[in-house]
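Heads up, the thing below is written out as structure tokens.
Scope of the values below: all heavy atoms of this structure, side chains included, with no hydrogens, waters or symmetry mates. In this text, all values refer to a predicted model and were calculated from it rather than measured experimentally. Proteins come first, then strands; the chains are lettered A, B, ... in the order of their sequence lines, and each starts at number 1.
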Protein chains: 2
Amino acid sequence: MLHDPAQLDLMFQALADPARRQMVERLSRGPASVSQLAEPLAMSLSAVVQHLNVLEASGLVRSEKLGRVRTCRIEPKALQAAEHWINERRLAWERRLDRLGDFLADTEDES
Amino acid sequence: MLHDPAQLDLMFQALADPARRQMVERLSRGPASVSQLAEPLAMSLSAVVQHLNVLEASGLVRSEKLGRVRTCRIEPKALQAAEHWINERRLAWERRLDRLGDFLADTEDES
DNA sequence: GCAATACTGAAGTGATCACTTAACTATTTT
DNA sequence: AAAATAGTTAAGTGATCACTTCAGTATTGC
């Protein structure tokens, strides 16, 4: 469920927009209603709802409606999945550099 | 240089495309030429070059040309910057949950 | 020198994106 | 019950995206 490439696709796509990242940033400081998410953004409430839908479809954000207020919160597991993908690639590269360093050191010993 | 929001924007936008992520994945296993990057992808070489330009503009990939071959490698520092942004948001949320847990435990002690 | 290789750049195209406005529903407040 | 609040939905628009093809430019092998 975490490393489904389609889900990963939706997550990175969701994070690609600055308005959506700002929404995630706001939600990292605690749950918020749709209007609260909209407040710092220079766009219509409607646009914010559309961004929210993208975030929810990606799994990065979850929300529930009580009365007329929808309360949103981030899903740390999903954030971690994106984080993990990047981390794996970076570590693969760094491990490679280490092995290369060892190899160079070894061949130098033999000279 | 690392937390420039414009640069972050370019990075997440670059990672949003599956073909580009596949290129990053390939490069995490070692440097590659443009043709080598193109080989597993079902698109023209020209399209791959365009994707490469996006990756380079974002700082995620660096390349240099020797003779007629351009050799590409990933820039782990840039990957780390994206990783860091996500990690910060996730940790902020988790710290918040911890404090909330402490608060609930404390108020329960008082009952 | 000539052909093959490895890209590079420009122009075009159809699809998707990030909005907008406007009309609507459901819930509270007064 | 009327008005204000909070969100939802649909349709439209202009901009950006992910390609394509085609016509180049250097390099390298024969």
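- Look at B/Arg68 and you won't find any side-chain N or O under 4.0 angstrom from OP1 or OP2 of D/dT25.
- Taking atom CE of residue B/Met23 and atom C1' of nucleotide C/dC7, one finds them 13 Å apart after rounding to whole Å.
- Put simply, the side chain of B/Gln50 and the base of D/dT20 share a donor and an acceptor less than 3.5 Å apart.
- No donor-acceptor pair under 3.5 Å is formed between the side chain of B/Gln80 and the backbone N or O of B/Lys77.
- Under a 3.5 Å cut-off, the side chain of B/Gln13 and the backbone N or O of B/Leu10 do not form any donor-acceptor pair.
- Atoms CG (A/Leu37) and C1' (D/dT8) sit 15 Å apart, rounded to a whole Å.
- The interatomic distance linking B/Leu52 (CG) with C/dA6 (P) rounds to 16 Å, in whole Å.
- Between A/Val34 and B/Arg20, the residue anchored nearer the 5' end of DNA chain D, judged by the nucleotide with its closest heavy atom, is A/Val34.
- At least one donor-acceptor pair closer than 3.5 Å links the side chain of B/Arg20 to the backbone N or O of B/Ala14.
- Rounded to whole angstrom, the span from the CG atom of B/Asp9 across to the P atom of D/dT16 amounts to 13 Å.
- Within residues 38-49 of chain A, the residues having any heavy atom under 4.0 Å from DNA chain C are, by residue number, A/Met43, A/Ser44, A/Ser46, A/Ala47.
- Between B/Lys65 and C/dT8, a side-chain N or O to OP1/OP2 separation shorter than 4.0 Å is present.
- Judged by closest nucleotide on DNA chain C, A/Asp17 is the one of A/Leu66 and A/Asp17 placed further toward the 5' end.
- Remark: the backbone N or O of A/Leu15 is paired with a side-chain donor or acceptor of A/Arg21 at under 3.5 angstrom.
- Using a cutoff of 4.0 Å between basic side-chain nitrogens and carboxylate oxygens, A/Arg70 and A/Glu64 are not scored as salt-bridged.
- Between the NE2 atom of B/His51 and the P atom of D/dC17 there is a distance of 12 Å, rounded to whole Å.
- Note: CZ (A/Arg21) to P (C/dA18) measures 12 Å, nearest angstrom.
- Remark: P of D/dA6 and CD of A/Glu64 are 18 Å apart, rounded to the nearest angstrom.
- Screening B/Leu79, B/Leu60, B/Leu55 for a side chain to side chain contact (heavy atoms under 4.5 Å, CB included) with B/Met11, the sole residue that qualifies is B/Leu60.
- Considering only the side chain of B/Arg70, C/dC7 comes nearest among C/dC7, C/dC19, D/dA6.
- Residue B/Gln13 places at least one side-chain N or O closer than 4.0 Å to OP1 or OP2 of D/dC17.
- Between A/Arg89 and B/Glu25 there is a salt bridge, since at least one side-chain N of the basic residue sits less than 4.0 Å from a carboxylate O of the acidic one.
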